J.: 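Below are the structure tokens for one structure; questions will follow.
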Amino acid sequence: QVQPVESGGGLVQAGGSLRLSCAASGRTFSYYAMGWFRRAPGKEREFVAAISYTGGTTIYANSVKGRFTISRDNAKNTVYLQMGSLKPEDTAVYYCAKDATGKRVVLRTSPQDYDSWGQGTQVTVSS
């Protein structure tokens with residue numbers, strides 16, 4: 001069973017950077033694609049980025065493309081989200097989750113396709 005735990009959130013000024021980490025327990029971490037999602041106050045949970053189980057493929061929401069980078073270290077059972085050029089509209093609780101199906105070739109963006117969610121980490125970007 002893969003259970004993610006996020007960390008690295010905080011308060012940052014617009015234009016700044018943060019790196020989120022998602023440490024996952026379980027011996028099967030390397031079998032699954034992983035995704036980052038976020039929920040801003042009063043909004044639905046939305047897709048941010050995903051990475052294949054090998055780390056060789058990534059996809060991003062248009063709103064973060066070119067500013068955020070997702071990566072993973074399977075030896076450490078950890079997924080990262082490097083966030084740069086942060087904007088106030090990036091303020092949200094960020095969640096890490098595991099794709100429900102192992103060893104997928106095509107990455108998915110719907111929260112319904114992911115399970116084993118972490119508790120989230122708050123990111124606040126001040127203007």
Side-chain angles (χ1 to χ4, degrees):
Q1 183 75 9
V2 175
Q3 182 58 50
V5 177
E6 304 93 338
S7 62
L11 173 65
V12 63
Q13 289 188 332
S17 300
L18 276 178
R19 187 175 83 156
L20 306 184
S21 297
C22 171
S25 61
R27 292 183 292 177
T28 59
F29 172 81
S30 63
Y31 295 173
Y32 295 93
M34 299 293 293
W36 284 98
F37 295 78
R38 67 186 182 186
R39 175 177 283 160
K43 295 188 177 181
E44 296 291 321
R45 187 173 301 190
E46 66 173 358
F47 170 77
V48 176
I51 187 166
S52 63
Y53 67 101
T54 63
T57 304
T58 57
I59 57 173
Y60 297 91
N62 287 335
S63 58
V64 307
K65 199 173 295 184
R67 300 188 298 120
F68 291 10
T69 301
I70 188 171
S71 61
R72 69 188 296 162
D73 185 340
N74 284 343
K76 295 182 178 180
N77 275 22
T78 302
V79 179
Y80 304 98
L81 186 67
Q82 179 67 48
M83 306 186 294
S85 301
L86 283 162
K87 306 174 181 180
E89 51 264 43
D90 294 317
T91 295
V93 178
Y94 283 72
Y95 300 89
C96 175
K98 175 188 74 67
D99 193 295
T101 305
K103 296 189 176 180
R104 284 190 55 83
V105 174
V106 178
L107 295 173
R108 302 192 284 190
T109 62
S110 171
Q112 295 178 339
D113 293 321
Y114 288 76
D115 60 13
S116 299
W117 292 81
Q119 82 290 347
T121 185
Q122 175 71 48
V123 172
T124 303
V125 184
S126 63
S127 57

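Numbers here simply count residues along the sequence, with the first being 1. If you're wondering where the values come from, they're calculated on a predicted model, not measured in any experiment.
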J.: With a 3.5 Å cut-off and sequence neighbours excluded, list the donor-acceptor pairs that the side chains of residues 24-35 form with protein atoms.
T.:
none

J.: For residues 80-99, pull every pair meeting side chain to side chain donor-acceptor pair (under 3.5 Å), keeping only residues two or more places apart or in separate chains.
T.: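 As it turns out, the side chain to side chain donor-acceptor pair (under 3.5 Å) pairs with a partner in residues 80-99, which skip direct neighbours, are Arg38-Asp90, Arg38-Tyr94, Arg67-Asp90, Lys98-Asp115, Asp99-Arg108.
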J.: Can you check whether Val106's main-chain N or O pairs, donor with acceptor, with Arg104's side chain at less than 3.5 Å?
T.: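 Flag set: sc Arg104 to bb Val106 pair under 3.5 Å.
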J.: Taking the side chain as every heavy atom from C-beta outward, state whether Pro88 and Ser126 have any atom pair closer than 4.5 Å.
T.: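 Side chain of Pro88 against side chain of Ser126, heavy atoms only: no contact under 4.5 Å found.
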J.: Rounded to the nearest 0.5 Å, how far does OG1 of Thr58 lie from CG of Leu107?
T.: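 Here the interatomic distance stands at 8.0 Å.
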J.: What residues form a side-chain contact (heavy atoms from CB on, under 4.5 Å) with Gln119, not counting sequence neighbours?
T.: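 Partners of Gln119 by the side-chain contact (heavy atoms from CB on, under 4.5 Å) criterion, ordered by chain and then number, come out as Val5, Glu6.
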J.: Donor-acceptor check, side chain of Thr121 to backbone of Gly9, threshold 3.5 angstrom: yes or no?
T.: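 Yes, Thr121 side chain to Gly9 backbone: donor-acceptor pair under 3.5 Å.
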J.: For the atom pair CD1 (Ile51) and CH2 (Trp36), what is the distance rounded to the nearest 0.5 Å?
T.: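 The CH2 atom of Trp36 is 11.5 Å from CD1 of Ile51, to the nearest 0.5 Å.
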J.: Got a sec, which pairs hit disulfide bond (SG atoms under 2.5 Å apart) with one end in residues 47-79, sequence neighbours left out?
T.: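 Residue pairs with at least one partner in residues 47-79: there are none.
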J.: Under 3.5 Å, side-chain donor or acceptor atoms of residues 14-23 against the rest of the protein: list the pairs with distances, not counting sequence neighbours.
T.:
none

J.: Given the rule in the side chain to side chain contact (heavy atoms under 4.5 Å, CB included) test, do Ile59 and Thr109 qualify, once you have shown the distances and angles that lead to the verdict?
T.: CA-CA 9 Å; Ile59 57 173; Thr109 62; 3.6 Å; yes
J.: If I take atom CD1 from residue Ile70 and atom OG1 from residue Thr57, how far apart are they, to the nearest 0.5 angstrom?
T.: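 The CD1 atom of Ile70 sits 11.5 Å away from the OG1 atom of Thr57.
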J.: Tell me, please, which residues at least two apart from Tyr60 pass ring-ring contact (aromatic ring centres under 6.0 Å, His included).
T.: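 Once residues adjacent in sequence are excluded, Tyr60 has no partner under the ring-ring contact (aromatic ring centres under 6.0 Å, His included) criterion.
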J.: Can you give me the closest heavy-atom contact between Gln1 and Ser116, atom names plus distance?
T.: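 Of all heavy-atom pairs spanning Gln1 and Ser116, the closest is NE2-OG, 3.5 Å.
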J.: What I'd like to find out is whether the side chain of Leu86 reaches to under 4.5 Å of the side chain of Phe68, using heavy atoms alone.
T.: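 A side-chain contact exists here, since the closest heavy-atom pair is under 4.5 Å.
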J.: For residues Val123 and Met83, determine if any side-chain heavy atom of one lies less than 4.5 Å from a side-chain heavy atom of the other.
T.: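 Yes - at least one pair of side-chain heavy atoms lies under 4.5 Å apart.
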J.: Under 6.0 Å between ring centres: does that hold for Trp117 and Phe37?
T.: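 That pair passes the under 6.0 Å test.
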